[in-house]
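Note that the structure is predicted; figures quoted are calculated from it, not measured. Only this structure's heavy atoms are used, side chains among them; waters, hydrogens and symmetry mates stay out.
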Amino acid sequence: MEINQRQEIVVWVHSLRQVRQLRRYGSVLYTSRQMKYVLLYVNAADAPDLMDKISKLRFVRSVELSHRNELDPNAGKAIERGTLAGAHTGADDDD
């Protein structure tokens, strides 16, 4: 069994009425009613083509790739310990 890489796409919409139409392009992970955006999970290989198709829909304002997969999941713990490279804790200020 082969695991496909997934990519998160952020779709900014004018209205949330058509969110169900986005389900045909990928899995709807989250919908923000206040900020009017939808997070879609799609296969990483199909992401550029799907972004073009989704951006042509009438109810879509803009489409962008999410950078969540580029973040270090352990960065918060490293900042708490003060071991993250370039982390500034503020304890050694000499102002």
When clusters are formed by joining ILVMFWY residues with side-chain heavy atoms under 4.5 Å apart, either directly or through shared neighbours, do [X] and [Y] land in the same one?
| X | Y | value |
| --- | --- | --- |
| Tyr41 | Tyr37 | yes |
| Val42 | Val60 | yes |
| Val38 | Leu50 | yes |

Checking side-chain contact (heavy atoms from CB on, under 4.5 Å) for the pair Asn43/Gln5: CA distance, chi angles, key distance, verdict?
CA-CA 6 Å; Asn43 290 334; Gln5 290 288 8; over 6 Å; no
Cut-off 3.5 Å, no hydrogens considered: what does the side-chain donor-acceptor table look like for residues 18-33, sequence neighbours left out?
from, atom 1, to, atom 2, distance (Å)
Ser32, OG, Met35, N, 3.2

Donor-acceptor contacts, no H, no angles, side chain residues 8-16, under 3.5 Å, sequence neighbours left out:
from, atom 1, to, atom 2, distance (Å)
Glu8, OE1, Ser66, OG, 2.9
Glu8, OE2, Arg68, NH1, 3.3
Ser15, OG, Arg17, N, 3.3

Excluding sequence neighbours, so at least two apart, what forms side chain to side chain donor-acceptor pair (under 3.5 Å) with Asp46?
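Listed in chain order: nothing, the list is empty.
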So Leu65 and Gln7, do their side chains get closer than 4.5 Å, heavy atoms only?
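Yes, close enough: below the 4.5 Å cut-off.
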